[in-house]
2 protein chains.
Amino acid sequence: MTSTKERILNTSLALFNRQGERNVTTNHIAEALGISPGNLYYHFRNKGTIVAALFERYSQHLLTLLEAPQGPLTWTIKTYYFEGLLASMWQYRFFHRDLTHFLHADAELAARYQAFVEIVLERGRVIYGELRSSGILELDDEQLQGLMVNTWVLMSSWAGLVHGLRPDAAADEALDEALMRHGVYQIICLEEPFLRGEAREHLEEMKARYRAANNTSTLLLGHVPGLDRTGSE
Amino acid sequence: MTSTKERILNTSLALFNRQGERNVTTNHIAEALGISPGNLYYHFRNKGTIVAALFERYSQHLLTLLEAPQGPLTWTIKTYYFEGLLASMWQYRFFHRDLTHFLHADAELAARYQAFVEIVLERGRVIYGELRSSGILELDDEQLQGLMVNTWVLMSSWAGLVHGLRPDAAADEALDEALMRHGVYQIICLEEPFLRGEAREHLEEMKARYRAANNTSTLLLGHVPGLDRTGSE
DNA sequence: TGATTTTTAGAGTAATTACTCTAGGAGTCA
DNA sequence: TGACTCCTAGAGTAATTACTCTAAAAATCA
């Protein structure tokens, strides 16, 4: 049986993801757990502590994933790797969504967050560097840096963007999953031009794996707009 | 002399951008303007109305910019064009930053926002399509769609990302400007692989124009990390 | 068993904050 | 001048909500 402390974190996370931290009160959390507010405050001295603890979990998890790009990476493995990363971030999506307020309210968290991003970018560069060494990517240093930043922007914002366009998705597990996977697809789009050799050959296969059954607009906007009109014939 | 209503919007915008909507109370706004809360509520029946009005301004402004890509675009013009877009979004940066809560609190705004994004993407595709016709970009339909979505992610999230990493930037106008321009640079990185002909020739010039004096990491993280270590020699 | 510590309940509080209400100033028009 | 409308002040309220406090149950340990 998980400890009360853990259960508080888990439920908070779920509620935050679904409704946004701002709309989830501490009493709310307690009620959802079937415990008293007093009990909650016995374990966490304030709401910010809960957020900070969740950030700790999140950052540890992500940094661990970024730690070990084991051996020479193939293109397929790399893609699964990205899926894992995005899935982890998706689990804690409330964080990037409500980031502004958290960092404004807690200077220490702000500092920790900044250090965190720094390491993420550093390790990301290493990984992209290895992909370059393996001949999977072909780009110069500046392009690598640009790609890295854009990848981070995409990964850290994808959940928020999706939430803005499809707030209903939280209720539908299949849709939720599809939208997350679409994020991986967008990352593939980001790197596509730099792919070489074997990777290039498997590109279409990988894209197909992560492309939504419907096209982007259908998924993100909930119906079919005039995508075809921009055709290049 | 601008009307009180206008002044309320302007000050709200400035405060929201600087401190985040959540940390700016209505009394705060009134005080900053030197008017009474009663007066404020005479002009806007609640806080959400202010946000909605600012969104109206913002969306109108952006859609107007996206309306008229006048005649055959050159690569340089296009880049200035992107600068204009990002600058506009930068002016209303609080919006994308605090989006979650706004859309959660106001269903009508959520609907309007969704329609807005739809049009933005549609017009963006048209513009990218014209760049393709002009021989500036070379990509297929699917790549164009992917690029469009990634551009939107970048544009709509850039301000939030920057704010998380450099909350101090709001106080320093030069830094603020540099960070915004860096967003343009990242957009250029996004398209770089698809550039052809004349555009390709001017690429370095354009990159130099928008690249920060220091490198990305310096700017975003406030000091120099080990960027050089990923060298490709 | 009794003593001590950990965990829980739940009523209650203090502070914040969006918003109201009344009354009066300031233009405008007859 | 007076009537009427628009705008403003500012004290005040109601509701929310993060958080406290006391006491008691439950676990731990001697």
Side-chain angles (χ1 to χ4, degrees), chain A residues 1-55 94-95 98-110, chain B residues 1-55 94-95 98-110:
Chain A
M1 172 106 179
T2 50
S3 71
T4 305
K5 199 160 184 169
E6 284 298 310
R7 284 169 56 226
I8 292 174
L9 287 178
N10 294 334
T11 331
S12 300
L13 179 58
L15 292 175
F16 289 170
N17 279 339
R18 189 153 23 218
Q19 314 180 32
E21 178 268 352
R22 190 176 185 173
N23 305 302
V24 176
T25 73
T26 48
N27 293 343
H28 215 99
I29 299 168
E31 195 187 13
L33 273 164
I35 67 172
S36 65
N39 194 0
L40 186 148
Y41 277 89
Y42 171 78
H43 291 285
F44 294 93
R45 77 174 182 288
N46 58 41
K47 199 183 177 186
T49 316
I50 299 179
V51 171
L54 286 173
F55 168 70
F94 84 97
F95 186 72
D98 300 333
L99 195 61
T100 308
H101 175 68
F102 299 149
L103 303 189
H104 187 95
D106 182 345
E108 195 197 313
L109 181 63
Chain B
M1 173 105 180
T2 48
S3 70
T4 304
K5 198 159 184 171
E6 284 297 311
R7 284 169 57 226
I8 292 174
L9 287 179
N10 293 335
T11 327
S12 299
L13 179 59
L15 292 176
F16 288 169
N17 279 339
R18 191 156 21 221
Q19 314 179 32
E21 178 269 351
R22 188 177 185 174
N23 305 301
V24 176
T25 72
T26 49
N27 293 344
H28 215 99
I29 299 169
E31 194 186 14
L33 273 164
I35 67 173
S36 65
N39 194 0
L40 187 148
Y41 277 89
Y42 172 76
H43 291 285
F44 295 94
R45 77 173 182 288
N46 59 40
K47 200 181 177 187
T49 317
I50 299 180
V51 171
L54 286 172
F55 169 70
F94 84 96
F95 186 72
D98 300 332
L99 195 61
T100 309
H101 176 67
F102 299 149
L103 303 190
H104 186 95
D106 182 345
E108 195 196 315
L109 181 64

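A, B, ... follow the sequence lines: proteins, then strands. Residue 1 opens every chain.
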* Which residues satisfy the side chain to side chain contact (heavy atoms under 4.5 Å, CB included) test with B/Ser12, sequence neighbours excluded? -> B/Ile8, B/Phe16, B/Ile29, B/Ile50, B/Leu54
* Asked: Quick one: side-chain hydrogen bond (donor to acceptor under 3.5 Å, both in side chains) partners of A/Glu6, sequence neighbours excluded?
  -> A/Arg57
* Does D/dC19 have OP1 or OP2 sitting under 4.0 Å from an N or O in the side chain of A/Tyr41? -> yes
* To do: Could you list all the salt bridge (Lys or Arg N to Asp or Glu O under 4.0 Å) pairs where at least one residue sits in residues 30-43 of chain A, not counting sequence neighbours?
  => none
* Who are the side-chain hydrogen bond (donor to acceptor under 3.5 Å, both in side chains) partners of B/Thr26, not counting sequence neighbours? -> B/Tyr41
* Structure fact -> Whole-Å distance, A/Ile29 CD1 to D/dT16 P, equals 18 Å
* Asked: Residues in side-chain hydrogen bond (donor to acceptor under 3.5 Å, both in side chains) with B/Asn46, at least two apart?
  -> B/Thr49
* To do: Could you pull out all residues at least two apart from B/Phe55 that satisfy ring pair (Phe, Tyr, Trp, His ring centres under 6.0 Å)?
  => B/Phe95, B/Phe116
* To do: Let me know the distance between CD of B/Glu31 and P of C/dT16, rounded to the nearest Å.
  => 14 Å
* To do: Would you kindly give the CG-to-P distance between B/Leu33 and D/dG10, to the nearest whole Å?
  => 14 Å
I'd like a table of atom pairs between the protein and nucleotides 3-9 of chain C - only N or O on both sides, under 3.5 Å - with the distance next to each one.
from	atom 1	to	atom 2	distance (Å)
C/dT7	OP2	A/Tyr42	OH	2.8
C/dT8	OP1	A/Thr4	OG1	2.8
C/dT8	OP2	A/Thr4	OG1	3.1
C/dT8	OP2	A/Asn39	OD1	3.3
C/dT8	OP2	A/His43	NE2	2.7
C/dT8	O5'	A/Asn39	ND2	3.0
C/dA9	OP2	A/Ser36	N	2.8
C/dA9	OP2	A/Ser36	OG	3.3
C/dA9	OP2	A/Asn39	ND2	3.1
C/dA9	N7	A/Ser36	OG	3.2

* To do: Rounded to the nearest angstrom, tell me the gap between atom CD in B/Glu6 and atom P in D/dC7.
  => 13 Å
* Determine to 10° how strongly the helix from C/dT1-D/dA30 to C/dA30-D/dT1 is bent, judged from the axes of its five-pair ends. => 0°
* Asked: If you measure from OG1 on B/Thr11 to CG on B/Leu40, what distance do you get to the nearest 0.5 Å?
  -> 9.0 Å
* Calculate the interatomic distance between B/Lys47 atom NZ and C/dA18 atom P; express it in whole Å. => 5 Å
* Mind running a 4.0 Å heavy-atom check of residues 19-27 of chain A against DNA chain C and sending the residues that fall below it, in number order? => none
* A/Thr25: what forms a side chain to side chain contact (heavy atoms under 4.5 Å, CB included) with it, not counting sequence neighbours? -> A/Asn27, A/His28
* **Nearest-0.5 Å distance that lies between atom CZ in A/Phe102 and atom CG in A/Leu99** => 8.0 Å
* Over all heavy atoms of both residues, which pair between B/Ala30 and B/Pro37 is shortest? Give the atoms and the distance, please. => CB-N, 3.9 Å
* Asked: CZ of A/Arg45 versus P of D/dC21: gap in Å, rounded?
  -> 15 Å
Restricting both atoms to N or O, compile the protein contacts to nucleotides 22-26 of chain C shorter than 3.5 Å, with distance only.
none

* To do: Check whether any side-chain heavy atom of A/Lys5 lies under 4.5 Å from a side-chain heavy atom of A/Phe44, and answer yes or no.
  => yes
* Structure fact -> Of all heavy-atom pairs linking B/Leu15 and B/Ala32, the shortest is CD1-CB, 4.0 Å
* Taking only residues two or more places apart in sequence, or in another chain, which ones meet A/His101 in a side chain to side chain contact (heavy atoms under 4.5 Å, CB included)? -> A/Glu21, A/Ala105, B/Arg22, B/Asn23
